Number of protein chains: 2
Amino acid sequence: MKLASSRDRAPGRPVSRQVLADHVYEELLAWLMDGRLEPGAAVSIDGTARELDVSPTPVREALARLEHTGMVRRVALKGYRVAPVFTREDFAELMEARLAIEPVNARLACSRITPEDLAALREAVKDLETAPRGPSFVEFRDYLEADERFHKLIAEQSGNQFMLAAYSALGGQVQRFRLFGGVGITDADQAIAEHQAVLDALASGDPEQAAAAMADHVHKVRARAIADAPAD
Amino acid sequence: MKLASSRDRAPGRPVSRQVLADHVYEELLAWLMDGRLEPGAAVSIDGTARELDVSPTPVREALARLEHTGMVRRVALKGYRVAPVFTREDFAELMEARLAIEPVNARLACSRITPEDLAALREAVKDLETAPRGPSFVEFRDYLEADERFHKLIAEQSGNQFMLAAYSALGGQVQRFRLFGGVGITDADQAIAEHQAVLDALASGDPEQAAAAMADHVHKVRARAIADAPAD
DNA sequence: AAGGGACCATTCCTATAGGATTTGTCTATG
DNA sequence: CATAGACAAATCCTATAGGAATGGTCCCTT
């Protein structure tokens, strides 16, 4: 694979304003998000550099940023690895954290949400409905993307940069769990109904109702996952 | 300044297991925490490398990690800058986020806290009492360090890696605000009493009481800051 | 056959070099 | 005097080279 370098850019065009490390970061993030990089797999610096046809320097920078998201972990002198699979306890912790953060986001977003924001949320829910739910990940990739988009939009619309930062610290892990938590997409209809309920509460303008709807959604996600999860 | 390189290490001694980028990260973090780097100041990659007597490569890696904490911000092709000073709105947002996260940490920590943890918390409160509170930052630096230590200990003892991650996403900012929020250390006695109340609640073993004590503390910090803050 | 040590390939880590971009200054011109 | 353009210095960004550590393999010894 060949990434566009800042050198071989048409001279007249507006400057890209994005350096190679940014491209590498986004590329690696995509690999992590859509499951191309499985938990526990080694992410070689030199290897990734060869794969992306860049030097190791920007790869190091991208991985250093990714480490802080918890998606990859570094061991000094040994390199980076994709974070290991979720245990049942990890999942419980993640849901607890989501319960602490996401209802607050919904409550904050409720009082400052704009019609454009509501439209974007409606589109996310609609994408959830229309997305395929096949067994292989390429088939429900769009479903996961819409789910993540819905929750992230609410975090952004909280208007609180720190709540967004807190959610982002979880967001990647949430997405990773959706992929490898063993749940699959067996609960799409119920999940869509819950998303719709959150959306309706936000549209109604009642902050506490929005928070309650979000808390209810996370609670039910947890309950379904516990019911579905394979014994370990 | 000269950092110890992995090359000039005594051959017989146990391996350091820490690379230069880690040293640089910790050094820069210390500079940010104790105010040596003021908000808005440029953090030159090459300059920092010369200052620390290392090559720019590990400095780039350290700054890439720091960027994700919100302490520094990067503009492509222009470099890194220390995040700008807090506005009154930033402060309100930060307190809102702390209210969402820290009481939950206290509640979770309460039911799994060990005698050793309690001892460490008592020591932090004791350090708060004995630390000098002079006007210049070198004089109340230890006070701030003990404050941060207290809150971080509770986040760690929540036993929830994601709540800790969420707090850490805030932690640096909390520390930065303490330095540049204009509050100074005018409320040490009251703050110490509140910390003691949190500690007592944790020791009592009542989770809801611990959460309430922490929420009360954050509320009062906010109230005092708003009362003291200079008009902007 | 099992365990230990030497060797080699791979990978990480740091330094260095040079191209590309930005920024500050200085001069010339309207 | 203000403004535009050119030059120079500083800085960022990427690639490359080589030292250092790790992991695996092979061979030897017990």
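Everything quoted here is computed from the prediction, not taken from an experiment. Chain letters run A, B, ... following the sequence lines, proteins first, then strands; residues in each count from 1.
- Counting to the nearest Å, the C1' atom of dC13(D) and the NE2 atom of H23(A) are 13 Å from each other.
- One finds a salt bridge joining E145(A) and R149(A) here, because a Lys/Arg side-chain nitrogen approaches an Asp/Glu carboxylate oxygen to under 4.0 Å.
- In this entry the distance linking CG of L20(A) with P of dG19(C) reads 17 Å, nearest Å.
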Go through the steps to decide whether D90(B) and L94(B) satisfy the test side chain to side chain contact (heavy atoms under 4.5 Å, CB included), and finish with yes or no. CA-CA 6 Å; D90(B) 291 334; L94(B) 180 58; over 6 Å; no
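- If you take NZ of K78(B) and P of dG24(C), they are 9 Å apart, rounded to a whole angstrom.
- Look at CD on E67(B): it is 10 Å from P on dC13(D), rounded to the nearest Å.
- At the phosphate of dT11(C), OP1 or OP2 sits under 4.0 Å from a side-chain N or O atom of R50(A).
- The R60(B) side chain lies nearest to dT14(D) when the options are dT14(D), dA15(C), dC12(C).
- Using a 4.0 Å cut-off on heavy atoms, the residues of residues 41-48 of chain B that approach DNA chain D are V43(B), S44(B), I45(B), D46(B), listed by number.
- Sorted by first and then second residue, the salt bridge (Lys or Arg N to Asp or Glu O under 4.0 Å) pairs involving residues 115-124 of chain A (not counting sequence neighbours) form an empty list.
- Side-chain contact of Q173(B) with Q161(A): a donor-acceptor pair under 3.5 Å is absent, judged by distance alone.
- One interatomic measurement links the two molecules: CD of E61(B) to P of dA15(C), which rounds to 12 Å at whole-angstrom precision.
- With rounding to whole Å, R81(B) atom CZ is found 15 Å from dT22(C) atom P.
- For the pair Y80(A) OH and dT10(C) P, the computed distance is 22 Å after rounding to whole Å.
- Between the P atom of dT21(C) and the CD atom of Q18(A) lies a distance of 15 Å, rounded to the nearest Å.
- Along DNA chain C, the nucleotide nearest P56(B) and the nucleotide nearest P56(A) are compared for position; the residue whose nucleotide lies closer to the 5' end is P56(A).
- Within 6.0 Å of the CD atom in E38(A), the count of heavy atoms belonging to other residues, nucleotides or ligands does not exceed 12.
- With dT14(D), dT21(C), dT14(C) as the choices, the nucleotide that has an atom nearest any side-chain atom of L77(B) turns out to be dT21(C).
- With hydrogens and angles ignored, the 3.5 Å screen pairs no side-chain donor or acceptor of N105(A) with any backbone N or O of S158(A).
- For S55(A), taking side-chain heavy atoms from C-beta onward, the closest of the listed nucleotides dA15(D), dT14(C), dT11(D) is dA15(D).
- The closest donor-acceptor contact from the side chain of R81(A) to the backbone of G40(A) lies under 3.5 Å.
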